Amino acid sequence: MKNVLTFVLLLGLTLLLAACGGGAAAPTSAPEGAQAPDSAVAPPADDAAALAVEAYLTAKVAGDREGVAANICAALESRIDAETLSFNAVQAALEEMSCASDAGGATVTCTGRITAVYGGENRDFPLATYAVTQEDGEYKWCGEPTAS
Amino acid sequence: MKARFLMFVIALACLTGAIGVLAQVAPFSPPTVTTFREAYIFAGPGPANPQVGTLYADQPVLLVERNRAGNWVRIQMVDANGFVYREGWILSGYLNERASLAFSQVPINPMPDNNPEYSATFSQRELYAVPYVPAGISQAMLDVYARGQALGNLPNVITKVGDSLVASDEYLTPMAHPSRALSAFDFLTPIINQYGASMALPSAAASIGLSSFAVVDPMWANPELGCQPGETPLTCEYRVKRPVVAFIMFGPNDVRAITDVGFGQQMRAIVMQTMEAGVIPVLNLFSIHPNDQYQAQAINFNRQLIALANELQVPLINLWAGARSLPNYGLDIDNIHLTYSGYDYLFYDGGNDAYSGVALHNLFSLVTLGQIQQAVAPLTAPTPEAVPTASG
């Protein structure tokens with residue numbers, strides 16, 4: 001009887017530990033064609049604007065022209081090549097990127113940074129607030145809002 | 001009697017005037033100089049010329065002329081009877097007596113620095129045809145300057161645009177240092193006096209890893225230098241500093257990432273934006289090691305810059321040709337960055353222009369700036385107090 005009780009207690013403890021061991025929520029699947037950056041906290045699946053911005057930044061840092069083109073707004077299409085090649089000369093990576101739509105839906109604010117390494121020197125580019133537009137039902141990254 | 005007296009007075013006046021004129025234009029007397037090392041003598045002021053002899057260390061020769069940049073001088077070997085038995089050009093950085101020389105007094109020989117017919121490869125001919133520094137400043141650039149004055153650009157302010165080679169604290173920044181050892185380059189003094197203070201502040205458009213694409217990407221703009229959201233580094237720098245001249249050099253990064261045609265298009269956009277801002281752009285050909293895997297591409301990149309400079313009549317510095325005479329073509333151990341001189345102020349006493357890529361780049365840039373200074377002088381009066389602060 002004692003052994004059964006011990007077994008049940010151990011089993012219960014094991015199940016309790018397993019339930020608590022999940023830690024942070026598992027990330028949602030990354031946008032197609034993009035690679036989840038380190039330590040990313042993905043936005044909710046219904047925050048399409050934030051997902052679009054994350055997809056854009058991921059493509060930009062990777063030098064993925066198709067990804068940039070798919071997520072940039074029509075007004076900035078002339079900058080596709082410049083945006084794609086901007087980090088081409090350095091080793092760049094996204095760190096701790098986390099984006100969320102702002103109230104009003106016209107902008108998305110991201111935390112985290114792009115780290116660039118060149119010739120042994122590092123430079124960080126803090127992520128910022130970006131304008132988004134909706135085109136054909138999809139959200140597109142549209143640059144940084146200019147100061148009024 | 002009166003007539004004789006009058007004639008005497010007139011003769012005396014003429015004689016006095018003649019003496020005055022002679023005092024002002026006394027003929028240059030070639031000094032005797034020596035070198036601290038053996039030097040090849042060339043038929044012209046550059047390695048793409050026939051070699052005509054060798055000058056041994058401490059062998060006395062006469063210094064008769066210099067090229068426009070001052071990095072080469074023409075010397076004459078004279079025998080005991082005064083007969084010139086050999087003459088040619090050597091690097092001025094090898095001279096022993098530099099500190100006692102004043103290149104402002106040495107006549108300039110305007111002959112081409114290099115002869116394309118003597119370039120090592122056919123593709124390099126176009127690069128050797130470009131002088132180290134421009135022969136003059138075009139009317140198009142004077143028009144740009146005038147536009148800049150109307151826009152409120154500051155006549156004593158210059159800036160630099162480019163990658164880590166340009167962002168280096170040894171490139172142009174030493175102009176702001178109070179110490180100077182200009183050696184024989186005394187003619188640089190008024191240039192540094194006018195523009196030097198403006199180089200104390202870093203450029204928002206010069207950074208490690210920057211490329212011709214990144215300089216027009218707002219993400220690369222640095223808020224700490226006064227850049228606003230959505231503003232590119234280039235736009236930010238011109239808005240904050242309001243310069244009249246921008247020294248622009250890209251290529252060492254771009255050559256490893258994009259095509260020469262794409263590079264040419266980007267550089268055109270940068271130059272056009274610069275001119276629209278009323279800033280005189282000064283382009284630079286960049287040095288590449290002959291064994292670099294991108295050597296052929298780099299030649300094509302430099303050819304794009306030559307075509308752009310010719311089309312838009314923009315001043316062009318030929319650092320590529322100048323660096324051919326330097327150890328390892330002026331490049332550091334990584335074959336990308338230029339060799340430093342080791343000084344945070346302008347130091348030429350040791351002949352650094354013959355050894356350091358950055359020192360040579362500074363010399364070419366300052367000489368070009370001096371040409372611009374002279375050309376625009378009639379268009380405005382300098383205001384020494386008008387130097388930007390970091391507030392933006």
Side-chain angles (χ1 to χ4, degrees), chain A residues 53 56-65 68 72-73 75-76 78-94 97 102 106-110 112-133 141-148, chain B residues 162-165 167-169 202 204 206-236 239 250-259 261-263 265-267 269-270 273 294 331-338 392:
Chain A
V53 169
Y56 177 84
L57 292 173
T58 302
K60 173 171 180 163
V61 169
D64 174 9
R65 192 181 192 281
V68 167
I72 199 170
C73 65
L76 297 181
S78 61
R79 283 175 46 182
I80 288 176
D81 284 332
E83 292 287 319
T84 304
L85 294 170
S86 178
F87 287 93
N88 225 19
V90 298
Q91 291 177 325
L94 280 162
M97 177 175 65
D102 300 321
T107 59
V108 169
T109 295
C110 299
R113 60 193 167 278
I114 298 171
T115 59
V117 180
Y118 177 82
E121 295 186 54
N122 296 349
R123 181 177 170 182
D124 288 347
F125 298 82
L127 301 181
T129 298
Y130 306 101
V132 289
T133 62
W141 179 93
C142 210
E144 295 183 23
T146 53
S148 56
Chain B
D163 52 25
S164 53
L165 279 72
S168 161
D169 284 341
S207 166
I208 61 167
L210 208 64
S211 66
S212 62
F213 284 97
V215 77
V216 292
D217 181 356
M219 198 165 284
W220 281 79
N222 190 346
E224 294 179 7
L225 296 178
C227 298
Q228 297 170 350
E231 196 173 41
T232 72
L234 193 65
T235 303
C236 170
R239 177 184 61 79
F250 287 107
N253 284 338
D254 297 72
V255 75
R256 289 159 173 75
I258 60 175
T259 67
V261 173
F263 176 70
Q265 291 170 346
Q266 271 306 108
M267 290 306 297
I270 291 169
Q273 180 179 346
Y294 296 102
L331 300 168
D332 211 333
I333 193 169
D334 63 2
N335 282 341
I336 296 176
H337 294 89
L338 298 174

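This one's a predicted model, so the numbers in the text were calculated from it and none came from an experiment. Residue numbers start from 1 in every chain, and the chains themselves are labelled A, B, ... in the order their sequence lines are given, proteins ahead of strands. Note: hydrogens, waters and symmetry copies are ignored here, and every other heavy atom, side chains too, is used.
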Residue list, salt bridge (charged side-chain N to carboxylate O under 4.0 Å, His left out) with D81(A), at least two apart or on another chain: R65(A)
Is there a donor-acceptor contact under 3.5 Å from the side chain of R239(B) to the main chain of G226(B)? yes
Which region of I336(B), side chain (C-beta onward) or backbone (N, CA, C, O), has a non-hydrogen atom less than 4.5 Å from a non-hydrogen atom of chain A, or is it both or neither? side chain
Please determine, among G209(B), S207(B), S211(B), the option with the most heavy-atom pairs under 4.5 Å with chain A. G209(B)
Heavy-atom cut-off 4.5 Å, strictly under: side chain, backbone, both or neither for L57(A) against chain B? side chain
Counting distance only, does the side-chain N/O of D124(A) pair as donor-acceptor with the main-chain N or O of P126(A) below 3.5 Å? no
Which bit of A128(A) is near chain B, if near means a heavy-atom gap under 4.5 Å: side chain, backbone, both or neither? neither
Is any side-chain heavy atom of I72(A) closer than 4.5 Å to one of Y56(A)? yes
Chain B interface, residue from V90(A), L85(A), N88(A), T84(A) that has the most non-hydrogen pairs under 4.5 Å: L85(A)
Look only at the side chain of D332(B) and the backbone of D334(B), and say whether a donor-acceptor pair between them is shorter than 3.5 Å. no
Per-residue contact mode, S212(B) against chain A (heavy atom under 4.5 angstrom): neither
Considering only heavy atoms, which portion of L127(A) lies under 4.5 Å from any heavy atom of chain B: side chain, backbone, both, or neither? neither
Quick one: are V215(B) and Q266(B) in side-chain contact, heavy atoms under 4.5 Å? no
